[in-house]
Amino acid sequence: MRFVLYSDKTVNQCMSAIHNRMQAKGTSSRPELDGYVDKSGRFSLSMSSKVMRHFHRRTRLRGHVKREDGVTVIRGFVPGGLSREGQAVIFGALVLVAGILLTQGSAIFALAVILAGAGLTIPLTGDYHNSAILFADIKRTLGAKETPPKKTTKNRR
């Protein structure tokens with residue numbers, strides 16, 4: 001998921017806020033984050049969470065903070081994953097493909113398709129949950145909004 005956020009802070013203040021957030025200890029409401037901050041305005045945040053019993057998924061948010069027309073703009077990308085409904089559609093399509101392969105006598109390929117679909121569950125579910133947390137955390141940390149601030153025009157007479 002690509003995103004664009006707008007903040008009232010300067011680029012240096014944003015980088016400092018992200019760095020401070022990475023140094024903070026994890027709590028139940030705010031997970032511990034890893035990553036880096038670059039002087040050029042680039043940053044990366046990542047977090048890991050348990051998806052199923054023994055499986056963990058690490059999701060990484062990458063972004064760039066830049067000043068444009070007097071407003072600090074944060075552009076970034078985080079893998080969005082899929083909700084349960086989206087995963088059900090994909091898994092249903094894979095079951096259909098596996099059924100077609102079975103009718104053609106390719107049982108091994110059909111089994112491989114079903115196992116691949118089951119294997120996709122972990123990254124899709126993990127990214128879906130982690131991306132929402134990372135996106136909300138970067139908005140809160142930077143005091144950013146999804147809409148650009150209104151430009152104030154000065155009437156000169």
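Computed from a predicted structure; not experimentally measured.
- You'll find the side chain of S7 reaches within 4.5 Å of the side chain of C14, heavy atoms only.
- The existence of a salt bridge linking E68 and R75 is confirmed by a sub-4.0 Å separation between a basic side-chain nitrogen and an acidic carboxylate oxygen.
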*Stepwise, does the ring-ring contact (aromatic ring centres under 6.0 Å, His included) test hold for F135 with F3?*
CA-CA 9 Å; F135 184 69; F3 62 87; 5.3 Å; yes
*Apply side-chain contact (heavy atoms from CB on, under 4.5 Å) to the pair D34 and R58, showing each step before the final yes or no.*
CA-CA 10 Å; D34 295 327; R58 177 167 295 280; 3.3 Å; yes
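- Between K9 and A17, the closest heavy-atom pair is NZ-CB, 3.9 Å.
- At least one donor-acceptor pair under 3.5 Å links the side chain of T121 to the backbone N or O of A118.
- Atom CE of M52 and atom CZ of R57 lie 12.5 Å apart (nearest 0.5 Å).
- Note that CG of D8 is 10.0 Å distant from CD of Q13, once rounded to the nearest 0.5 Å.
- Between L94 and G117 the shortest heavy-atom distance is CD1-CA, 3.3 Å.
- Put simply, the side chain of M22 reaches to within 4.5 Å of the side chain of V37, judged on heavy atoms.
- Counting only N and O atoms by type, the side chains of D38 and S40 include a donor and acceptor under 3.5 Å apart.
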*asked:* One pair to check against side-chain contact (heavy atoms from CB on, under 4.5 Å): K25 and R30. What are the steps and the verdict?
replied: CA-CA 9 Å; K25 298 277 186 201; R30 295 182 90 176; over 6 Å; no
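- Note that CZ of R67 is 10.5 Å distant from CG of N12, once rounded to the nearest 0.5 Å.
- Counting only heavy atoms from C-beta outward, the side chains of L142 and I74 approach each other to under 4.5 Å.
- Side-chain atoms of V4 and E146, non-hydrogen and from C-beta on, never get closer than 4.5 Å to each other.
- Across every non-hydrogen atom of T103 and I100, the tightest pair is OG1-O, 2.6 Å.
- The two atoms that bring R42 and M15 nearest to each other are O-SD, 4.3 Å, heavy atoms only.
- Between the CG atom in D127 and the CG atom in L134 there is a gap of 9.5 Å [rounded to 0.5 Å].
- Under the 4.5 Å side-chain criterion, counting only non-hydrogen atoms from C-beta, I138 is in contact with I18.
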*asked:* H56 vs V51, test: side-chain contact (heavy atoms from CB on, under 4.5 Å). Steps then yes/no.
replied: CA-CA 5 Å; H56 290 267; V51 177; over 6 Å; no
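- Rounding to the nearest 0.5 Å gives a distance of 9.0 Å between CE of M1 and CZ of F77.
- Side-chain atoms of E85 and S83 form a donor-acceptor pair, as typed in the model, at a separation below 3.5 Å.
- No chain of hydrophobic side-chain contacts below 4.5 Å, direct or via other Ile, Leu, Val, Met, Phe, Trp or Tyr residues, connects F43 to V73.
- Residues V78 and L5 share a hydrophobic cluster, clusters being chains of Ile/Leu/Val/Met/Phe/Trp/Tyr side chains in contact below 4.5 Å.
- Within the 4.5 Å cutoff, no side-chain heavy atoms of S46 are placed close to those of L33.
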_Run I133 and M47 through side-chain contact (heavy atoms from CB on, under 4.5 Å) and show every step you take._
CA-CA 9 Å; I133 294 169; M47 68 168 283; 3.6 Å; yes
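- Under a hydrophobic-cluster definition in which Ile, Leu, Val, Met, Phe, Trp and Tyr are linked whenever side-chain heavy atoms come within less than 4.5 Å, directly or via other members, V11 and L45 are assigned to the same cluster.
- Under the 4.5 Å side-chain contact rule for hydrophobic residues, I90 and V113 share a cluster.
- Between the CG atom in L101 and the CZ atom in F109 there is a gap of 8.0 Å [rounded to 0.5 Å].
- Annotation: side chain of L102 is not in contact with side chain of S106 (no heavy-atom distance under 4.5 Å).
- There is a path of hydrophobic side-chain contacts, each under 4.5 Å, that joins L120 to L82.
- In this structure, S44 and L61 have side chains that are not in contact, with every pair of non-hydrogen atoms separated by 4.5 Å or more.
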